[in-house]
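These figures come from a predicted structure and were not determined experimentally.
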Amino acid sequence: MGTGKQYDEEFKKQTIKLAKEIGTKAAAYELCIPKWTLGMWVQKARIGEIDTGAGSRTPRESLTIAQHFQVKQRLLWNTQVHIMNRLPMHSTTRVYLYP
């Protein structure tokens with residue numbers, strides 16, 4: 001078993017930010033904490049369980065989120081078009097999605 005050391009929230013936030021800048025392995029080594037501990041914190045920050053404050057996302061993460069949002073929007077649009085096309089109506093009123 002481990003030592004059961006407890007880290008305060010501010011330490012976790014700052015450590016996560018450092019890990020995003022220099023990498024998880026390097027940050028863990030520099031701060032003398034287990035890699036798996038820091039890895040869990042980074043993972044929790046990604047899914048929103050740990051709030052790292054405003055501006056905590058890297059530009060790459062922000063772009064990934066924006067791309068994910070665009071994909072979800074397209075999927076929703078396609079679903080709506082599919083539903084509309086299945087409704088009984090005159091064939092000239094059908095909605096078509098152009099790529």
Side-chain angles (χ1 to χ4, degrees):
M1 287 288 226
T3 60
K5 183 167 178 154
Q6 296 290 318
Y7 300 96
D8 68 4
E9 291 303 310
E10 186 59 31
F11 178 79
K12 290 179 184 180
K13 290 178 186 180
Q14 295 303 319
T15 304
I16 292 166
K17 289 179 182 180
L18 179 64
K20 288 181 177 182
E21 291 175 14
I22 67 172
T24 303
K25 184 176 180 180
Y29 179 77
E30 188 172 314
L31 298 171
C32 300
I33 60 173
K35 284 186 298 187
W36 64 268
T37 299
L38 180 52
M40 288 298 296
W41 295 348
V42 169
Q43 186 178 14
K44 286 181 177 184
R46 248 187 232 126
I47 62 174
E49 289 183 17
I50 295 178
D51 179 24
T52 55
S56 62
R57 289 192 181 100
T58 65
R60 183 177 183 179
E61 287 173 327
S62 295
L63 181 59
T64 302
I65 291 168
Q67 289 169 335
H68 179 73
F69 179 71
Q70 287 176 342
V71 168
K72 291 291 186 186
Q73 275 186 316
R74 258 187 250 122
L75 186 63
L76 178 61
W77 173 256
N78 288 339
T79 302
Q80 289 171 341
V81 168
H82 178 72
I83 290 169
M84 298 236 358
N85 282 335
R86 293 183 59 95
L87 293 175
M89 60 179 85
H90 192 272
S91 63
T92 59
T93 61
R94 293 204 180 256
V95 178
Y96 296 97
L97 178 66
Y98 297 102

Can you tell me how far apart [atom1] ([X]) and [atom2] ([Y]) are? Round to the nearest 0.5 Å.
| X | Y | atom1 | atom2 | value |
| --- | --- | --- | --- | --- |
| L18 | E30 | CG | CD | 5.5 Å |
| T15 | K12 | OG1 | NZ | 10.0 Å |
| R46 | K20 | CZ | NZ | 7.5 Å |
| I33 | L38 | CD1 | CG | 4.5 Å |
| K13 | D8 | NZ | CG | 9.5 Å |

Self-check item: side chain to side chain contact (heavy atoms under 4.5 Å, CB included), paired with E49, selected from M40, K44, Q43
Solution: K44
Quiz item: For atom OH of Y29, is the number of surrounding heavy atoms from other residues, nucleotides or ligands below 6.0 Å larger than 12?
Solution: no
Self-check item: For I16 against V42, the heavy-atom pair lying closest together
Solution: CG1-N, 4.3 Å
